[in-house]
**Q** 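Take a look at the following structure, please.
For this chain, numbers begin at 1 and follow the sequence in order.
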Amino acid sequence: MDHIMSKRILRGTWVTLCIILLVGGFIWLLPILYPFLIAWLIAYLINPLVRWLQITLRLPRWLAVTGALLIYAVSGGIVLAAAVTRMVEELLILAESLDGHLMRWKSWFVDWTQSEGIHNIINEINRFIANNPGYETTIHNNIDQTAQSVGSAITRLLNGLLGGILQLLTSLPSMGILLVVILTAAFFISNQWTRNMIWLAKAIPERFRKSFREVWLDLQQALSGYFQAQLVLISVTAFIVLIGLLLLGVNSAFTYAILIGFVDLLPYLGVGTIMLPWLLYCFMTGDTSLAIGLAVLYGVIIIARQIIEPKILASSVGLDPLPTMISMFVGLKLFGFLGLVAGPAALILLGAMSRAGLLRDLRNYIMEGKLR
């Protein structure tokens with residue numbers, strides 16, 4: 001019995017070590033190979049259009065790939081340019097209204113400092129200092145330290161903002177080179193797509209090909225369904241926000257709708273990241289009608305998400321909302337913003353491996369020393 005248990009422990013340790021090495025190697029190589037992974041994804045996405053151009057227009061493979069890349073690039077560029085142009089227009093309108101907001105905040109601050117409550121607090125402080133002269137130096141030191149801390153925080157914020165803008169400007173040439181590398185790699189991968197897939201299939205041992213094929217087909221369907229589900233959820237959220245803000249008469253409604261739609265990807269908070277501070281600010285500044293309208297709009301978004309999200313995820317991906325949210329949160333903590341995609345992708349991969357029997361095969365190998 002001890003001999004059997006020791007073999008199981010050794011096999012389990014070996015499997016765990018292999019998994020750790022594979023995951024660690026992937027994480028280590030990802031910063032180096034990610035342009036080619038993106039290129040492979042682009043080649044995979046344009047492959048149906050390439051085949052259609054080959055069959056319908058009888059174009060050679062290289063010309064069909066070039067045409068497909070141009071169609072996707074031009075279409076994406078037109079949509080992006082239109083969206084950016086609209087957002088810039090609304091941001092300019094928003095910037096013009098910023099002076100009015102600053103004057104309102106200044107007036108509100110002056111009124112607050114001249115209010116009876118503030119004067120009572122100042123009188124109490126002066127009375128306390130008069131009765132306790134030994135505390136005057138301590139109070140002044142604390143005030144100076146607070147002012148220095150606030151000034152330092154503002155300086156760090158401005159330096160960070162300016163540094164980010166400078167870094168963005170200096171990275172534009174490297175981003176252009178990266179884009180050229182990705183498109184060039186996508187062309188070569190797509191041009192030799194069939195040969196590459198045959199080589200990849202031969203690289204997998206024959207006894208595992210069926211399982212890997214099942215995992216790939218399941219993963220392909222699940223990932224496609226997941227991205228479609230997220231696109232539907234973002235679109236629904238942005239549409240509800242756009243209609244609600246237009247009814248409330250808010251300027252730059254389109255920009256706010258796009259921004260809140262993408263923020264909705266964040267786990268836990270989602271649209272509350274923007275909506276809650278906004279409606280609290282409206283309450284504080286006395287714009288009660290807009291605050292109530294934003295609160296109602298926020299409630300409508302939450303209810304709509306709770307109704308449609310489980311159905312969309314279950315029908316498109318076969319995932320429950322809670323595991324999906326946990327995977328997004330864990331991915332966000334481990335890998336940053338990209339973890340919002342990597343987390344659910346890992347969950348989908350585990351599900352596909354389970355349905356294909358790979359997890360069962362690993363268990364059989366650990367327990368009995370055989371895969372089947």
**Q** Identify the heavy atoms of Ile240 and Ala304 that sit nearest to each other, and give their distance.
**A** CD1-CB, 3.8 Å
**Q** Indicate the atoms forming the closest heavy-atom contact of Val65 with Phe187, along with that distance.
**A** CG1-CD1, 3.5 Å
**Q** Return the CD to CG distance between Gln54 and Leu49, rounded to the nearest 0.5 Å.
**A** 10.5 Å
**Q** Would you say Leu247 ends up clustered with Met275 if hydrophobic residues are merged whenever their side chains have heavy atoms under 4.5 Å apart, either directly or through other cluster members?
**A** no
**Q** Starting from the C-alpha separation in whole Å, work towards a yes-or-no answer on side chain to side chain contact (heavy atoms under 4.5 Å, CB included) for Leu178 and Tyr34.
**A** CA-CA 10 Å; Leu178 180 63; Tyr34 78 92; 3.5 Å; yes
**Q** Say you draw a straight line from CD1 of Ile189 to OG1 of Thr184; how long is it, rounded to the nearest 0.5 Å?
**A** 10.5 Å
**Q** Between Thr56 (side chain) and Trp52 (backbone), is there a donor-acceptor pair under 3.5 Å?
**A** yes
**Q** Which distance, rounded to the nearest 0.5 Å, do you find between the CG of Leu21 and the OG1 of Thr16?
**A** 11.0 Å
**Q** At their closest point, which heavy atom of Ala68 faces which heavy atom of Leu53, and how far apart are they?
**A** N-CD1, 4.0 Å
**Q** Are any non-hydrogen side-chain atoms of Trp193 and Ile46 less than 4.5 angstrom apart?
**A** no
**Q** To the nearest 0.5 Å, what is the distance between CG (Leu248) and CG (Leu246)?
**A** 9.0 Å
**Q** Flag yes if Val74 and Ile71 sit in one hydrophobic cluster, no otherwise; membership is Ile, Leu, Val, Met, Phe, Trp, Tyr, and two members link when side-chain heavy atoms are under 4.5 Å apart.
**A** no
**Q** If I compare all heavy atoms of Gly261 with all of Thr237, which pair ends up nearest, and what's the gap?
**A** CA-CG2, 4.4 Å
**Q** For a 4.5 angstrom cut-off between non-hydrogen side-chain atoms, does Leu245 reach Leu294?
**A** yes
**Q** Taking CZ in Phe283 as the centre, count heavy atoms belonging to other residues, nucleotides or ligands within less than 6.0 Å. Is the count above 12?
**A** yes
**Q** Any chance you could measure Arg51, atom CZ, to Arg61, atom CZ, to the nearest 0.5 Å?
**A** 8.0 Å
**Q** With sequence neighbours excluded, what pairs up with Ile198 under the side-chain contact (heavy atoms from CB on, under 4.5 Å) test?
**A** Thr194, Lys202
**Q** How close do Val50 and Ser190 get, counting heavy atoms only, and between which atoms?
**A** CG2-OG, 4.0 Å
**Q** State plainly whether one hydrophobic cluster holds both Val250 and Leu276, where clusters connect Ile, Leu, Val, Met, Phe, Trp and Tyr through side-chain heavy atoms under 4.5 angstrom apart.
**A** yes
**Q** Can you confirm whether or not the ring centre of Trp40 sits under 6.0 Å from the ring centre of Phe36?
**A** no
**Q** Please report the closest heavy-atom contact between Pro35 and Ile182, naming both atoms and the distance.
**A** O-CG1, 3.7 Å
**Q** Would you say that Ile243 contacts Phe239 through its side chain, given a criterion of any heavy-atom pair below 4.5 Å between the two side chains?
**A** yes
**Q** Measure the CG-CD1 distance between Leu33 and Ile38 for me, rounded to the nearest 0.5 Å.
**A** 11.5 Å
**Q** With sequence neighbours left out, what residues match Leu179 under side-chain contact (heavy atoms from CB on, under 4.5 Å)?
**A** Leu183
**Q** Val180, Leu41: one ILVMFWY side-chain cluster at the under-4.5 Å cut-off?
**A** no
**Q** With a 4.5 Å heavy-atom cut-off, do Ile42 and Tyr72 have their side chains touching?
**A** no
**Q** Do Leu69 and Leu57 land in one hydrophobic cluster if side-chain heavy atoms of ILVMFWY residues count as linked below 4.5 Å?
**A** yes
